[in-house]
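First comes the structure, then the notes that go with it.
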Amino acid sequence: MSFRFACGAAFHIFNTQLKWIFGLSYRKRRGLFCLPLSVYDFVVALPSTHLPTFLVSLVCLTALITARFLNGNAKVMKVIRFPIPMELLVIVFGSVASYFMNLRAVYAIDIIRSVPLGFPSPQLPAFHLLPELFHDSFIIAVIAFSVAISAGRVFAQKHHYSIDSNQELRALGVVNLVGGFFQCLPSAVALARSVVQESAGGVTQVVSIVSASLIVLVITVLGPLLEPVPKACLGCIVVIALIPMILKIMEVGNLWKVSRLEAVIFLIPCLAIILLDVEIGLALGIAFSLLIGVVWRTQERADIVQVLGRTEHSGSENDSHPIITNFPSSNVIVIRIATPLHFANAELCLNKARKLIGRSLRSNSYAPSAATRIHLPDVEGDDSKHSLIGSPLPDPVTDKNGAVKADTSSRKSDGRELIQVTQTLSSIRLVVLDLSAVSFIDMTGVQLLKKFRQDCRSIHACELVLAGCLDPVKEMLIAGGKFGDIPPNFFFDTVSNAVDALMPQKFEALSDQVGSGI
């Protein structure tokens, strides 16, 4: 979707060429709404179109469109064997015709006029201007990199290759660092030249070498030969090359059919660049894409938190996690989180998990079974000594109305922490949180997950374990305050391992076997 930025920038470049194609003269707009205001100026000045310039443009446009059609025709390419370099021919014949017909003097057609020769002498940059230029320089750097990556990905997608954004950033940095010693303008992607080069058939780095070599020849030797070239010829070349990039905006129709959200994410940044300005529109577009793509979408998706497995009462089975097969679902609930847990969505995801647990408790409301005492060992010492032991508890604790409630009193006995869990109206004893799809968690997520475990034990009277944690997530959980009082072997490789090892029916049998369990 990165071509939305390149598409918006293409409209601005297209607009700058219209005055040369029609031979018009109007002021250059800058700042907010510069493109709509410039289009307004163009429409107002259109009646004063310079006819000789427009005729030259028509000839160039006809030649370029014809060559593009022929180059795209497979039957024609089998005959001529190579694409017609019409862009180069337009420059050559335009320069020759302008020189011998004296288009500037006779027909007042605007031409390039002067091309200075030679390279500037190297000298140190004016460092005393750094405080004044830092703000603008930073904006230029961000825009240059963003447009370069956007344009690069468009061409990469079209020609089936990949680009390295870090490599592109380093290349731009080196080029501008060297150019700073020669008083060069900031170097970035030349979108118009890149599109022209690609439309002429250039697909490899050899084309860039040839192009750079020709520029060196023009700067040092061939500059005077290009002085008679009409600007209308250059404008036509750029406009024809930009048409495929501009037509990318039609993709919004296809995106709307697939996903309206994707269509909005494409359209809003593109329109912001077109209607406002490249700098402001790019900043707003990036902010909007992050807001919608990262924050809103990760919060509003209904399937980012879901229950896996099957329920005893419904008898239905969820096939979204095929490794979960037979387990006593009235005692175990498996909840999967399929999004990174960070400050923007961790609370929402865990609240959804709480609702799923509460829904399961309400759907399984029948008389409570015998409560169980869970022994969780101290974290200190060898992890291999950690075990989970189950044994019957006294009669359930009731409130004033005689309803069964959870009692989470704890005490120390024989080096073990005894947590008395009296079951509520459900027999759910274990919550397995599947984090295999969580690629990242920040400190806010760690703290909220710690609170979620405490709520499971105190409110729902059940234990919580994690399954499928990736190494970075596991390291963050352990480093983030040791994740409360949970030992390192609180983590399981898979959901199946957690369910098989910690089913309440096996609590007593596993007292000597779950050395690597909780």
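What you see is a predicted model; the values in this text were computed from it and never measured. Along the sequence shown, residues carry numbers from 1.
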For [Y], does its backbone N or O pair with a side-chain atom of [X] as donor and acceptor, under 3.5 Å?
X	Y	value
S137	L133	yes
S57	I21	yes
N345	P340	yes
H50	S25	no

Hey, is CZ on F145 packed in by over 12 heavy atoms from elsewhere, all under 6.0 Å?
yes
Passes side chain to side chain contact (heavy atoms under 4.5 Å, CB included), V56 versus C233? Steps please.
CA-CA 7 Å; V56 172; C233 296; 4.1 Å; yes
Plane angle bin for F42 and F22 - parallel if under 30°, tilted between 30 and 60°, otherwise perpendicular
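Ring orientation, 0 to 90° scale: perpendicular.
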Tell me, please, which residues at least two apart from Y40 pass side-chain contact (heavy atoms from CB on, under 4.5 Å).
V44
Give, for atom [atom1] of [X] and atom [atom2] of [Y], the distance between the pair rounded to the nearest 0.5 Å.
X	Y	atom1	atom2	answer
K352	I335	NZ	CD1	12.5 Å
L275	C34	CG	SG	10.0 Å
N15	F11	CG	CZ	11.0 Å

Among all residues two or more places apart in sequence or in another chain, which pass the side-chain hydrogen bond (donor to acceptor under 3.5 Å, both in side chains) test with S95?
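None.
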Test of understanding: with side-chain hydrogen bond (donor to acceptor under 3.5 Å, both in side chains), list the residues that count as partners of D277, not counting sequence neighbours.
none
Donor on one side chain, acceptor on other, R68 and N71, under 3.5 Å:
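No, N71 and R68 have no side-chain donor paired with an acceptor closer than 3.5 Å.
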L70 and I80: CA distance, side-chain angles, deciding distance, side chain to side chain contact (heavy atoms under 4.5 Å, CB included) verdict
CA-CA 10 Å; L70 295 176; I80 64 178; 5.7 Å; no
